[in-house]
A.B. asks: 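Please see the structure below; I have some questions.
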Amino acid sequence: HAKERGRDRCQRYSPELAAATSRRVDLEHDLRGALAAGQFELHYQPKLSARDGSVVGLEALLRWRRPGLGLVPPSDFIPLAEQLGLLVQIGPWVVEEACRQMARWRADGLGRVGVAVNLSPSELRSAQLMDSVCGSVQRHGIEPGQLEMEVTESMMMEEPEAAIAILQELASEGVHLSIDDFGTGYSSMAYLKRLPVDTLKLDRHFVTGIAHDARDADLCAGIIALAHKLGLQVVAEGVETESQAQALRERDCDVCQGYLFSRPLPAAEATAYLLARMARP
Ligand code: C2E
Ligand code: MG
Ligand code: MG
Ligand code: MG
């Protein structure tokens, strides 16, 4: 007990701990108000055909513009937002904003650009998911096939039957589905066969080694061949060098995404990127 009290007292009087606690309280407070305050924005990272370099779509990535602190990346707030149950509201905002952007691009003469959004575990469980997705698609007059939703293997494996059912419902509406970070999570090949997904996103960790590590290269080749046998296309994540892109092309990868081609861009810059690509394909 003395020891515990000692630790307690230590904690009470530690300025570092007090500061960390107050930062965490501030973060939580600010995060709870961020959606209503309009502080979220989507950045868009292009995905390019490995064969001809044409843009096949973009992935929407969430950013939080926190007053006084700049742009906060998802790794710094999404886990907490999920823990606080906030993604049940933020998720539908992401889908709505992505659909609004697709409609803007169409109005700008860019045609029916495809956008992928990331789903959180709580959204996949949410009873409002279908209504929110269908509502956004209809409100903005986009084709359901322009919208893609990315789920991770671990999300699938929590409650596979429920997840399969909801993914089937989305697929039947025409929404495209992909498995994100493929190869890093705990997954079952038996479920892979049953999922109505179109695409595997090969995790960046395999891509990193592909040009210099023979085992990574073999793994990539194997995953790509497996995906193709199952009728799925493969998007490589985190392509940073020309030699990685070359190695992926040689192994018949379909689509590349990564800093080599473009970082995630704010909407206005993504529009400029698309317009420039259209003028000079
Ligand atoms: P993710 O879906 O796997 O997204 C890819 C991440 O890799 C993005 O990080 C992207 O900026 C980064 N990236 C892209 N190209 C490269 C590259 O060449 N090298 C490296 N090192 N990284 C690259 P970001 O934007 O920080 O997002 C991190 C994760 O946060 C995402 O991983 C996704 O799981 C999650 N996330 C992002 N937006 C949302 C959202 O709207 N909703 C939910 N639920 N999760 C989101
Ligand atoms: Mg993703
Ligand atoms: Mg990913
Ligand atoms: Mg990843």
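First listed ligand is number 1; within each ligand, the first listed atom is number 1. Quick caveat: nothing in here was measured; it's all calculated off a predicted structure.
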A.B. asks: Rounded at 0.5 Å granularity, tell me how far CG in Leu58 sits from CG in Leu48.
C.D. replies: 9.0 Å
A.B. asks: Do any nitrogen or oxygen atoms of Glu237 come within less than 3.5 Å of a nitrogen or oxygen of ligand 1?
C.D. replies: yes
A.B. asks: Relative to each other, are the rings of Trp64 and Phe77 parallel, tilted or perpendicular (30° and 60° limits)?
C.D. replies: perpendicular
A.B. asks: Considering only heavy atoms of Val94, which atoms of ligand 1 have at least one such atom less than 4.0 Å away?
C.D. replies: 41 (O)
A.B. asks: Roughly how far, to the nearest 0.5 Å, is the CG atom of Asp198 from the CD atom of Gln233?
C.D. replies: 7.5 Å
A.B. asks: Would Glu123 count as being in polar contact with ligand 1, using the rule that some N or O on each side must be under 3.5 angstrom apart?
C.D. replies: no
A.B. asks: Do any N/O/S atoms of Ser178 come under 2.8 Å of the Mg ion (ligand 2)?
C.D. replies: no
A.B. asks: Under a 4.0 Å heavy-atom limit, does Arg204 contact ligand 1 with its side chain, its backbone, both, or neither?
C.D. replies: side chain
A.B. asks: Within the structure provided, determine whether Glu150 and Met155 are in side-chain contact (heavy-atom separation under 4.5 Å).
C.D. replies: no
A.B. asks: Please work out, at 4.0 Å between heavy atoms, whether the side chain, the backbone, both, or neither of Asp181 comes within that distance of ligand 1.
C.D. replies: side chain
A.B. asks: Which atom, counting only N, O or S, brings Asp180 closest to the Mg ion (ligand 3)?
C.D. replies: OD1
A.B. asks: Could you pull out the atom name of the N/O/S atom in Glu59 that is nearest the Mg ion (ligand 2)?
C.D. replies: OE2
A.B. asks: Is there a side-chain contact between Pro74 and Arg63, using heavy atoms and a 4.5 Å cut-off?
C.D. replies: yes
A.B. asks: Students often mix this up, so state it plainly: with edges at 30° and 60°, are the rings of Tyr44 and Trp105 parallel, tilted or perpendicular?
C.D. replies: perpendicular
A.B. asks: By atom name, which N, O or S atom belonging to Asp181 lies closest to the Mg ion (ligand 3)?
C.D. replies: OD1
A.B. asks: Among side-chain atoms of His140 and Gln101, is any donor-acceptor pair under 3.5 angstrom?
C.D. replies: no
A.B. asks: Measure the distances from the heavy atoms of Val117 to every atom of ligand 1 and state whether one is below 4.0 angstrom.
C.D. replies: no
A.B. asks: Applying the side chain to side chain donor-acceptor pair (under 3.5 Å) criterion to Ser178, which one of Glu148, Glu59, Lys201 satisfies it?
C.D. replies: Glu148
A.B. asks: Looking only at heavy atoms, is any part of Glu82 under 4.0 Å from ligand 1, and if so is it the side chain, the backbone, or both, or is it neither?
C.D. replies: neither
A.B. asks: Is the contact between Pro264 and ligand 1 made by the side chain, the backbone, both, or neither, using heavy atoms and a 4.0 Å cut-off?
C.D. replies: side chain
A.B. asks: Any N or O on Gln257 sitting closer than 3.5 Å to an N or O of ligand 1?
C.D. replies: no
A.B. asks: Starting from the Mg ion (ligand 2), look over the N/O/S atoms of Glu150 and name the nearest one.
C.D. replies: OE1
A.B. asks: Examine the proximity of ligand 1 to Ile78 and report which part, side chain or backbone, both or neither, has a heavy atom under 4.0 Å away.
C.D. replies: side chain
A.B. asks: Counting heavy atoms only, which part of Leu61 comes closer than 4.0 Å to ligand 1: side chain, backbone, both or neither?
C.D. replies: both
A.B. asks: In this structure, which one of Val117, Leu62, Leu61, Val115 forms a side chain to side chain contact (heavy atoms under 4.5 Å, CB included) with Leu42?
C.D. replies: Leu62
A.B. asks: With backbone taken as N, CA, C and O and side chain as the heavy atoms from C-beta onward, which portion of Glu59 lies under 4.0 Å from ligand 1: side chain, backbone, both, or neither?
C.D. replies: side chain
A.B. asks: If I consider every N, O or S atom in Glu237, which one ends up closest to the Mg ion (ligand 3)? I only need its name.
C.D. replies: OE2
A.B. asks: Test your reading of the model: is there a side-chain donor-acceptor pair from Asp254 to the backbone of Val235, 3.5 Å cut-off?
C.D. replies: no
A.B. asks: Below 4.0 angstrom from a heavy atom of Glu240, which ligand 1 atoms are there? Numbered from 1 as shown, please.
C.D. replies: 17 (C), 18 (O), 19 (N), 20 (C), 21 (N)
A.B. asks: Tell me, do His176 and Thr199 make a side-chain contact under 4.5 Å, heavy atoms counted?
C.D. replies: no
A.B. asks: Relative to the heavy atoms of Ser120, which atoms of ligand 1 are at a distance of less than 4.0 Å?
C.D. replies: 44 (N)
A.B. asks: Hydrogens and angles aside, do Gln246 and Glu242 bring a side-chain donor and acceptor to less than 3.5 Å of each other?
C.D. replies: no
A.B. asks: Measure His43 to ligand 1 on non-hydrogen atoms and call it side chain, backbone, both or neither using the 4.0 Å cut-off.
C.D. replies: neither
A.B. asks: Pick one of side chain, backbone, both or neither for how Leu42 approaches ligand 1, counting any non-hydrogen atom pair under 4.0 Å.
C.D. replies: neither
A.B. asks: Checking the N or O distance criterion of under 3.5 Å, is ligand 1 in contact with Leu62?
C.D. replies: yes
A.B. asks: Can a side-chain donor-acceptor contact be found between His43 and Gln45 if the only test is distance below 3.5 angstrom?
C.D. replies: no
A.B. asks: What pair of heavy atoms forms the shortest contact from Gly91 to Glu123, and how long is it?
C.D. replies: CA-OE2, 3.1 Å
A.B. asks: Taking 4.0 angstrom as the limit and counting only heavy atoms of Gln45, give me the atoms of ligand 1 inside it, by number and element.
C.D. replies: 14 (C), 15 (N)
